[in-house]
Amino acid sequence: MEIPKNYNPSEAEAKWYPYWMNNGYFRSVPDEREPYTIVIPPPNVTGVLHMGHMLNNTIQDVMIRRARMLGKNACWVPGTDHASIATEAKVVAMLKEKGIKKSDLTREEFLKYAFEWKEKYGGIILEQLKKLGASCDWDRTRFTMEDDLSEAVIDVFIDLFKKGYIYRGTRMVNWDPAGLTAVSDEEVIHKEVQSKLCYVRYVLVDADEAYDNNDAAARQRKFDNNEFITIATVRPETILGDTAICVHPEDPRYKHLKGKFAVIPMANRKVPVIFDDYITMEFGTGCLKVTPAHDINDYNLGVKHHLEVIDTINPDGTMSAAAGFYIGEDRFIVRKKIVKDLDALGHVVKIEDYTNKVGYSERTDAVIEPKLSMQWFVKMQEFSKPALDAVMDGEVKLIPDKFVNTYRHWMENVHDWCISRQLWWGQRIPAWYDNKGNVAVCKTAEEAIAMIKDKNPSVTVTDIRQDEDVLDTWFSSWLWPISVFDGFKDPNNKDINYYYPTNDLVTAPEILFFWVARMIMAGYEYRGKRPFENVYLTGIVRDKQGRKMSKSLGNSPDPLDLISKYGADGVRVGMLLSSPAGNDLLFDEGLCEQGRNFWNKLWNAFRLVKGWEVSSSIEQPTANIASIEWFQHRLYAATAEINDHYEKYRMSDALMSTYKLIWDDFCAWYLELIKPAYQQPIDAKTFEATVNFFEKIVSIVHPFMPFVSEEIWHLLRERKQGEDLIVGKWPVHAAADKSLLDDFTIASGIIAEVRNFRQSKGVSPKEQVELHYSISGQASALDRFSGAIIKLANLSKLEKITEKPTGAFPFVVNQFECFIPLSESIDKEAEKERLTKELEYSIGFLKSVESKLSNERFVNNAKPDVVAAEQKKKADAESKIKSIQEALASL
RNA sequence: GGGAGCAUAGCUCAGCUGGUUCAGAGCAUCUGCCUUACAAGCAGAGGGUCACAGGUUCGAAUCCUGUUGCUCCCA
């Protein structure tokens, strides 16, 4: 069979992915095996694949594929999230393009459009995941807004309401004026911005004093008489909603203001001067305007001091009728206008540049407007307790564990969770209101009537209306690990009992609180068990300059382009080469290139082996027996090491160990060792052993590079039906023979020295040289690996000598004193210098060891094995010094 | 303002309960090679005061304190 010179990744991907699917290898059903389960963090249904998904899903697929090879029943559940705000925003934008306004549609009409949109674009991202090689059980694909999952959401809402965890109340919420909805604290991103700090003076009056701010003369008189107070604000447009001025009770500048009132400019409204130690005296003028409707701290002050609340901003961010001025104009335009107008009236003292933090909506990037409104909340204090304990007790492990502190801090200061959203796309809140202000929480209008009846006997269906709002998306995704297995619909079904709790969750630290913490809460509340055992937190994918990769910055490569350029295998390796858990990944396309080079290397090794002519008539060289023995043990050691990395969730290290096993040990050493001379056949035994090794190697690399490994697996030998690498066995390993590996290290050290000699002396690798050595003690390394050394160092002779030759190039490896005889005279001075340097280093080293050993306190205090190790170091150093000295003498 | 974390080679990072020749890996760099699997390659080499200053210890990259710089989270 002809082996193509180049491996074609896209052909292999197009071949193997459907093959795996058609053979049902991704499919999982409960059986007697141990389950290994991951639920995917559901991406937005209308989203497209970005680099963060690539990282996240590569890690999950590596874990799933390895578990499958370990003989576990691996189940990776995929799905999508309805992402209420993001999706609704997209649908609204799409309608706008068609010239349709959301406000012109009924809820039902809008949802029809939304579902059409979802059908058209939903799930694109799942198709993209397939290109990456993700081995999800696609038959289990779920969607957070499908009927069963929505029903679970509604049931949980009703249940938590009955348990008293859900309440409705007026609170200051984070209002998104673009999305026209409240968002949770977690969905607000605080950004530093350059603002103008505007100093404005308010005229002071007595309680009963008549004063008209529109009277220019009266105003000027007040200013001239120093009868005013100056406040500093970055939000002058909210001045019209001010209902008090607050100063610190201890502030000597303002003590005389007790009982005084200030007049709101333009609005011409009298508000009290209040005193509260909340004020920072050092900030601005030490004097705060209080706008309870538009600032959370002001709101709290307002509650404490019983202040009036004047809501001057409409839901869409324009000024409301209550403002009295600029009605219908946008808050940011008004911010500029009002400063101008106030200045014209003489109220503006000065304007300074100022850096402050402003909240932005995560979904729409609009500036959040704190706003009072009636919303639904989940009481978190008590409810979150089991989720805190679970992490603190290690019942749920966070990887890396540095996140535990952050988690605890958040959970101990948890706020109630605002779960209502003023949207249509999502699960509608199952609360019903009659015309008399009664509320019933239940599934249907009929039930609501029955519940309300005793308070309002005359109530009928026409009097009842359902809450207009939908639930926060996270209120459905927090049920994900249970709902994907129908654990609410059918709490005792086979799947949920088998797969739950799941094993690992792989997600980004930024949603630790949004999602992970809440899943843990729901897990304990509804299953009495943790939803997963380990949470692997990935980093954020950044570009080389450390900026987060995002569409708006345009610094993110298209993952599918990368796949077509470097192959899915190359990209997977590129993603994992430098991404320790919890650390950000500075993505560089060079990493994918390295990944591509890796599969290329593997492919070429395969071509080499497959190209050999095999002969059963030639005897197996003894050198090959030793090489096979060495690689066998090297493989044992590497497998143990790789397993250890996996168990500690060190994905990059597991990959690097795999990389080195293949590139260095297998290709650079083993294959070179057993490679027959040009156009010579290889003996059958060595060939068989090599093919066996190759099978082990592609098994180990399969989780990282599933496609090329499956391809080679099938080309290595004839395979029967079902004999596929994806369901192959993960290599088992025995204890590695350390002395054997150590001997090889010595042998390879000698080979490297000879190569070094060639390099520095300009002796071609093709030209054979002789090597003489002497050793006082055991020479097992040379007994075992003399053939290896002769071959790879290209020696004509390897001989043990007793007399030190002169005029030879000397070097020392371990206890071996080696000499390469030279036809031409060597530069003795240069050699002396080289050896003297080495000698000096060794003597210095010996000295430090000796001083340690002669230190009584060291000998007495250090652990015995440490002391023994030092003694061994001393002996080794002494013998090495002796060897070098002899070599020097021979010059 | 509150909390957490980080600082080791040009870059990205390992370095576990202080003790192996502990100062490492990969990439990049430099030198020499078109050696018939692979130039997407082979062989070899150079490169770090472990941020800074103290302290504990027989011994510190590792533990403690302070300083500086950076990142993230929360308000």
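Please read all numbers here as calculations on a predicted model, not as lab measurements.
- Listed by first then second residue, pairs satisfying salt bridge (charged side-chain N to carboxylate O under 4.0 Å, His left out) with a partner in residues 741-755 of chain A read A/Lys738-A/Asp742, A/Asp743-A/Arg784, not counting sequence neighbours.
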Show me the protein contacts with nucleotides 41-43 of chain B, counting only N or O atoms at under 3.5 Å.
residue, atom, partner, partner atom, Å
B/rG41, OP1, A/Asn597, ND2, 3.3
B/rG41, O3', A/Lys601, NZ, 3.3
B/rC42, OP1, A/Lys601, NZ, 2.7
B/rC42, OP1, A/Trp663, NE1, 2.8

Short N/O separations, protein against nucleotides 1-3 of chain B, under 3.5 angstrom:
none

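- In the set B/rG5, B/rA40, B/rC38, the nucleotide with an atom closest to the side chain of A/Arg596 is B/rA40.
- Base pairing in RNA chain B gives the following stems of 3 or more Watson-Crick or G-U pairs, range against range and under 3.5 Å: B:1-7 with B:68-74, B:10-13 with B:24-27, B:29-33 with B:41-45, B:51-55 with B:63-67.
- Remark: A/Ser615 pairs with A/Ser617, A/Ile618, A/Pro681 by the side chain to side chain contact (heavy atoms under 4.5 Å, CB included) rule, at least two apart or across chains.
- Taking the side chain to side chain contact (heavy atoms under 4.5 Å, CB included) definition, one finds that A/Gln759 meets it with nothing, sequence neighbours left out.
- By the salt bridge (Lys or Arg N to Asp or Glu O under 4.0 Å) test, A/Glu711 pairs with A/Lys15, sequence neighbours left out.
- The salt bridge (Lys or Arg N to Asp or Glu O under 4.0 Å) check on A/Glu641 picks up nothing, with sequence neighbours excluded.
- Residue pairs meeting the salt bridge (charged side-chain N to carboxylate O under 4.0 Å, His left out) criterion with at least one member in residues 656-669 of chain A, sequence neighbours excluded: A/Arg634-A/Asp665.
- Shown here are the salt bridge (Lys or Arg N to Asp or Glu O under 4.0 Å) partners of A/Glu11, two or more places apart in sequence or in another chain: there are none.
- With sequence neighbours excluded, the residues forming a side chain to side chain contact (heavy atoms under 4.5 Å, CB included) with A/Asn794 are A/Arg758, A/Gln768, listed by chain and number.
- With sequence neighbours excluded, the residues satisfying salt bridge (Lys or Arg N to Asp or Glu O under 4.0 Å) with A/Asp653 are A/Arg650.
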